[in-house]
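First up is the structure itself, then whatever we jot down about it.
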Amino acid sequence: MASVSTPARRAAAGSRRAGFRRTAATDRPRSGGAGWLFATPFLVFFTLFLIVPIGIGLWMSFTNASLTGHGDNTLVGLDNYAEAFGDGQVWQTLGNTVWFTVLTTVPLVLVALVMALLVYTGMPGQWLWRLAFFASHLLPVAVVYQIWSMLFQPDRGMLNGLLKIFGIDGIAWLTDEKYAMWSIALVTLWWTVGFNFLLYLAALQAIPDHLYEAAALDGAGAWRRLWSVTLPQLRRTTGLIAVLQVMASLKVFDQIYLLTKGGPNGATRPILEYIYDTGFTNYRLGYASAVSYVFFGLIIVLSIAQLKIFSRRED
């Protein structure tokens with residue numbers, strides 16, 4: 001016998017559905033307050049050690065602040081920025097920094113890719129190759145300096161010793177303007193390529209196997225699979241590595257300061273070393289802050305340009 005829907009039954013069913021909705025709503029986790037509570041320590045440190053120093057440095061760039069403590073409260077407006085744009089040392093050191101970035105970015109991308117492909121193809125003793133390729137990245141810059149300063153020695157260095165075996169005269173790796181920046185680029189390649197290698201290796205392992213299987217069924221050989229499957233799948237990773245590498249190369253300081261101290265004749269002096277010398281050797285903190293913010297603006301512009309270029313290629 002068919003049931004008859006009465007107003008009383010409909011009201012009871014409605015109250016049950018409303019009760020279910022209220023129960024479901026009350027059972028939902030309330031994570032808003034807890035999320036801010038867990039984020040508070042990070043926000044405190046982020047504000048104290050990043051936001052506040054950025055604000056202080058920006059304010060200092062409009063003053064004649066000195067490391068000696070004289071003239072800290074004297075505003076000079078845009079005078080520091082006008083001096084920075086007319087300073088020949090700023091443009092020379094900026095040119096050295098850009099030249100170093102050009103010398104290192106492309107090799108650090110290509111060499112890392114080749115290293116990752118060699119390991120990914122299944123060479124014997126993969127753990128040893130992975131350790132060898134990544135181990136140099138774990139070394140502190142002081143150790144890197146000790147190793148390469150001995151290799152670059154004009155008389156007793158191993159590199160010149162190898163050249164003499166082939167009848168080639170020794171090279172003044174760090175004291176000749178023609179070779180100094182190339183030598184530092186070589187050190188940087190050996191020291192930092194392991195990180196890019198690790199990113200490429202992780203990206204290779206994330207490529208689905210069915211893509212290679214489908215390409216093999218279509219008769220694609222190893223080189224065709226590399227060009228048609230592997231490299232297109234690594235496009236995002238290549239863009240990320242290129243952006244990170246450009247940013248890291250523009251901020252070069254440690255290895256150059258230890259190996260050449262900006263010499264010979266300022267041929268390897270980066271802009272960060274000029275900022276350091278201006279602020280902590282010549283005591284002009286206000287002017288050094290202005291130069292650093294000009295350089296910071298250049299980095300922001302380059303970052304945005306790179307992101308737009310790679311996003312268009314992906315589209």
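- Residues Val294 and Leu94 fail the side-chain proximity criterion, which asks for heavy atoms closer than 4.5 Å.
- Between the side chains of Tyr81 and Ser61, at least one donor-acceptor pair of N or O atoms lies under 3.5 Å.
- Judged purely by atom type and a 3.5 angstrom limit, Asp176 uses its side chain to pair as donor or acceptor with the backbone of Lys178.
- Using a distance-only test at 3.5 Å, with no hydrogens or angles considered, no donor-acceptor pair links the side chain of Thr237 to the main chain of Tyr200.
- Side chains of Gln255 and Thr188: a donor on one and an acceptor on the other come within 3.5 Å.
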Table please: side-chain donor-acceptor pairs of residues 148-157 below 3.5 Å, with sequence neighbours left out.
unit_1, atom_1, unit_2, atom_2, d
Ser149, OG, Tyr145, O, 2.8
Ser149, OG, Gln146, O, 3.1

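- When side chains are defined from C-beta on, Val90 counts as touching Tyr274, because their heavy atoms get closer than 4.5 Å.
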**OP:** Test side chain to side chain contact (heavy atoms under 4.5 Å, CB included) on Thr278 and Val291 and set out the steps.
**Re:** CA-CA 9 Å; Thr278 301; Val291 177; 6.0 Å; no

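- For the ring-ring contact (aromatic ring centres under 6.0 Å, His included) test, residues two or more places apart in sequence or in another chain that qualify with Phe134 are His137.
- In the hydrophobic cluster analysis, where Ile, Leu, Val, Met, Phe, Trp and Tyr join through side-chain heavy atoms closer than 4.5 angstrom, Ile168 is grouped together with Leu174.
- In this structure, the side chains of Val111 and Val114 stay at 4.5 Å or more apart for every pair of heavy atoms.
- In terms of modelled atom types and a separation under 3.5 Å, the side chain of Trp129 and the main chain of Ala116 share no donor-acceptor contact.
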Distance-only donor-acceptor hits, side chain of residues 40-58, under 3.5 Å, sequence neighbours excluded:
unit_1, atom_1, unit_2, atom_2, d
Thr40, OG1, Trp36, O, 2.6
Thr47, OG1, Leu43, O, 2.7

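- Looking at every heavy atom in both residues, Ser66 comes nearest to Thr68 through OG-OG1, 2.9 Å.
- A donor and an acceptor atom, one from each side chain of Thr104 and Ser249, are located under 3.5 Å apart.
- Cluster membership for Leu198 and Val193, using ILVMFWY side-chain heavy atoms within less than 4.5 angstrom, is not shared.
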Under 3.5 Å donor-acceptor pairs involving side-chain atoms of residues 211-224, not counting sequence neighbours:
unit_1, atom_1, unit_2, atom_2, d
Tyr212, OH, Thr230, OG1, 2.8
Arg224, NH1, Ser228, OG, 3.3

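- Side-chain N/O atoms of Tyr287 and Asp87 include a donor and acceptor closer than 3.5 Å.
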Original post:
Stepwise, does the side chain to side chain contact (heavy atoms under 4.5 Å, CB included) test hold for Ile275 with Phe280?
Top reply: CA-CA 8 Å; Ile275 294 171; Phe280 295 98; over 6 Å; no

**OP:** For Leu139 and Ile147, run side chain to side chain contact (heavy atoms under 4.5 Å, CB included): C-alpha distance rounded to whole Å, both residues' side-chain angles, the deciding distance at 0.1 Å, then the answer.
**Re:** CA-CA 11 Å; Leu139 298 176; Ile147 294 173; 4.2 Å; yes

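- For Ser292, there are no side-chain hydrogen bond (donor to acceptor under 3.5 Å, both in side chains) partners at least two apart in sequence or on another chain.
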**OP:** Could you please spell out the steps behind the side chain to side chain contact (heavy atoms under 4.5 Å, CB included) verdict for Trp173 and Leu159?
**Re:** CA-CA 9 Å; Trp173 298 95; Leu159 295 180; 3.9 Å; yes

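- Although no hydrogens or angles enter the test, the distance criterion places a donor-acceptor pair under 3.5 Å between the side chain of Asn80 and the main chain of Thr63.
- Considering only heavy atoms from C-beta on, Phe62 stays 4.5 Å or farther from Val76 through its side chain.
- If you chain together hydrophobic residues whose side chains sit under 4.5 Å apart, Met158 and Ile171 fall into the same group.
- For Thr192, there are no side-chain hydrogen bond (donor to acceptor under 3.5 Å, both in side chains) partners at least two apart in sequence or on another chain.
- Side chains of Gln89 and Arg269: a donor-acceptor N/O pair is present below 3.5 angstrom, by distance only.
- Looking only at side-chain heavy atoms (C-beta outward), Ile299 and Ser303 come within less than 4.5 Å of each other.
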